[in-house]
There are 2 protein chains.
Amino acid sequence: MTSSESVEGRAPGLRERKKAKTRAAIQQEAMRLFLERGYDGATVEDIAEAAEVSPSTFFRYFPTKEDVVLRDDYDELLLEIFLAQPPELTPLQAARAALHSIGGVVDALSPEERELERVRMALTFTVPEVRARWINELVRAFRTLAEGVAARAGRPADDIRVRTFVGAVIGVMLVAMEPLVEDPTREWTDFLPAIDEALGYLEQGLPL
Amino acid sequence: MTSSESVEGRAPGLRERKKAKTRAAIQQEAMRLFLERGYDGATVEDIAEAAEVSPSTFFRYFPTKEDVVLRDDYDELLLEIFLAQPPELTPLQAARAALHSIGGVVDALSPEERELERVRMALTFTVPEVRARWINELVRAFRTLAEGVAARAGRPADDIRVRTFVGAVIGVMLVAMEPLVEDPTREWTDFLPAIDEALGYLEQGLPL
DNA sequence: CCTCCATCAGATAGTAACTATCATGAATGT
DNA sequence: ACATTCATGATAGTTACTATCTGATGGAGG
């Protein structure tokens with residue numbers, strides 16, 4: 001995404017470009033330091049220095065230290081893809097279809113972006129504070145999902161069946177990705193098949 | 001486990017009794033102050049002073065400020081009750097049975113204890129940091145649950161069907177209790193019927 | 001090109017949640 | 001009664017975060 005100043009598509013303005021660059025720099029330096037010394041081993045001050053900004057600026061871009069790890073667009077993207085699925089699919093089918101689509105999106109990333117993603121995910125799962133906040137994000141995202149599911153099913157968003165569906169999907173994704181804690185070198189896309197399988201069991205009423 | 005020489009149930013020793021008293025005092029004063037001024041409005045120092053201990057002592061009893069809200073025995077108790085259910089029940093039936101039992105336990109509490117529980121739950125759901133940590137506790141608790149379920153189903157604990165089951169139950173309980181955020185005056189036992197119903201839908205393969 | 005305005009970056013000072021360490025005194029076991 | 005264990009309090013420090021002020025910079029209009 002390092003575009004020159006020449007007009008490409010639409011020029012978002014110099015200011016905006018600078019901001020995007022600063023944000024990327026902070027996040028990248030943060031990941032580098034975290035990888036090098038661990039999450040607690042790198043202070044916000046260290047990161048700010050490495051990214052050549054002041055600590056004030058760090059907090060202007062990321063309200064908390066955890067956010068520098070969590071910040072991404074994939075949750076939102078996954079949600080969009082889910083909502084865009086053809087309405088004749090059942091919610092579970094739509095969820096599985098969305099899952100397959102996102103796999104393709106991730107495959108198209110550059111190697112550096114992939115590496116960044118890997119580190120981010122590893123930290124998300126291994127650093128307790130970060131993980132805790134991430135789950136909150138998940139809950140928030142799936143609140144939106146509930147509305148989509150409700151519309152799809154022709155029921156109110158607070159219908160208990162809709163809520164149950166959404167809760168079950170959250171929970172299943174959560175535990176399906178949990179092995180990441182043991183082996184943070186793996187990428188989260190490795191778990192897409194497991195999630196898919198788990199959704200299948202959900203559909204069958206949790207056979208044991 | 002805690003093999004003191006005294007016969008169980010009687011005279012846990014002066015030291016232990018003092019500790020229990022101190023812990024209870026800290027938690028009680030904390031809840032009083034939180035109710036009065038809000039979670040952020042009462043510092044650890046304030047709480048320590050109100051409980052007539054030093055800040056050092058506060059952290060000796062509760063490793064973080066959040067823990068003073070989260071600390072309880074109900075998760076563990078619920079787990080024990082679940083594991084004690086007769087083996088001929090299916091895991092979902094056992095979960096529902098355990099849920100009914102815990103309702104009885106809570107009914108037997110004194111009014112003050114109930115009030116303490118109410119405040120604790122309200123804070124757990126309304127204060128983001130506390131809630132985030134609570135979910136971590138949940139995940140930890142349900143890791144133990146997975147072992148129980150696995151034994152019950154005659155499968156390994158890392159079996160994907162077992163994990164899916166556990167994840168679904170976590171998720172369903174999570175969203176079932178979510179209305180507490182909107183109305184923190186309600187007790188969590190009010191939601192037992194909703195959880196029970198949700199578990200029923202789970203059993204039916206999430207009809208929509 | 002110059003000017004005004006909105007905004008963004010940096011610096012400073014402060015708060016609050018922790019952590020580490022050490023000396024004191026109380027509880028306990030002999 | 002004595003030695004040991006261990007909870008407590010005090011002190012000093014680190015770090016994440018907040019508030020506020022001042023100076024710099026990009027963008028828009030004349």
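The chains referred to below are lettered A, B, ... by the order of the sequence lines, with proteins before strands, and numbering in each begins at 1.
- Neither OP1 nor OP2 of dA9(C) sits under 4.0 Å from any side-chain N or O of Thr57(A).
- Here the straight-line distance linking atom CE of Met121(A) with atom CD of Glu187(A) works out to 11.0 Å at 0.5 Å rounding.
- Going from atom NZ of Lys65(A) over to atom P of dA16(C) covers 21 Å, rounded to whole Å.
- Here the nucleotide nearest the side chain of Lys19(A), chosen from dC17(D), dC8(C), dC18(C), is dC8(C).
- Each of Pro55(B) and Glu66(A) was assigned the nucleotide of DNA chain D with the nearest heavy atom; the assignment lying further toward the 5' end belongs to Pro55(B).
- With dG10(C), dA16(C), dT8(D) as the choices, the nucleotide that has an atom nearest any side-chain atom of Thr43(B) turns out to be dA16(C).
- Atom NZ in Lys21(B) sits roughly 12 Å away from atom P in dA27(C) (whole-Å rounding).
- For Arg23(A) and dC8(C), the CZ to C1' distance is 13 Å, given to the nearest whole Å.
- Take the nearest nucleotide of DNA chain C for Glu45(B) and for Leu14(B): the residue whose nucleotide is more 5' is Glu45(B).
- Checking the phosphate oxygens (OP1, OP2) of dA27(C), a side-chain nitrogen or oxygen of Lys18(B) falls inside 4.0 Å.
- Ion pair Glu113(B)/Arg120(B) not flagged as a salt bridge, since none of the NZ, NE, NH1 or NH2 atoms sits closer than 4.0 Å to an Asp/Glu carboxylate oxygen.
- Within 3.5 Å, no donor on the side chain of Arg17(A) pairs with an acceptor on the base of dG26(D), nor the reverse.
- Scored by the ring-ring contact (aromatic ring centres under 6.0 Å, His included) test, Phe34(A) finds Tyr39(A) as partners (sequence neighbours excluded).
- One atom, CZ of Phe59(B), and another, P of dT14(D), lie 17 Å apart when rounded to the nearest Å.
- For dT8(D), one of the phosphate oxygens OP1 or OP2 lies less than 4.0 angstrom from a side-chain nitrogen or oxygen of Tyr61(B).
- Whole-Å rounding puts the Asp46(B) CG to dA17(C) C1' distance at 13 Å.
- Between dT8(D) and Ser56(B), no contact under 4.0 Å exists linking OP1 or OP2 to a side-chain N or O.
- Between Pro63(A) and Ser54(B), the residue anchored nearer the 5' end of DNA chain D, judged by the nucleotide with its closest heavy atom, is Ser54(B).
- Between Trp134(B) and Phe125(B), the distance from one ring center to the other falls under 6.0 angstrom.
- Contact annotation: side chain of Arg15(B) to base of dT28(C), donor-acceptor pair absent below 3.5 Å.
- Ranked by how close their nearest DNA chain C nucleotide is to the 5' end, Thr64(B) and Val53(A) are led by Val53(A).
- With sequence neighbours left out, the ring-ring contact (aromatic ring centres under 6.0 Å, His included) criterion links Tyr61(A) to no other residue.
- Look at CG on Asp40(B): it is 10 Å from P on dA16(C), rounded to the nearest Å.
- Atoms CD (Glu52(B)) and C1' (dT8(D)) sit 14 Å apart, rounded to a whole Å.
- Between Arg60(A) atom CZ and dA9(C) atom C1' the separation is 5 Å, expressed in whole Å.
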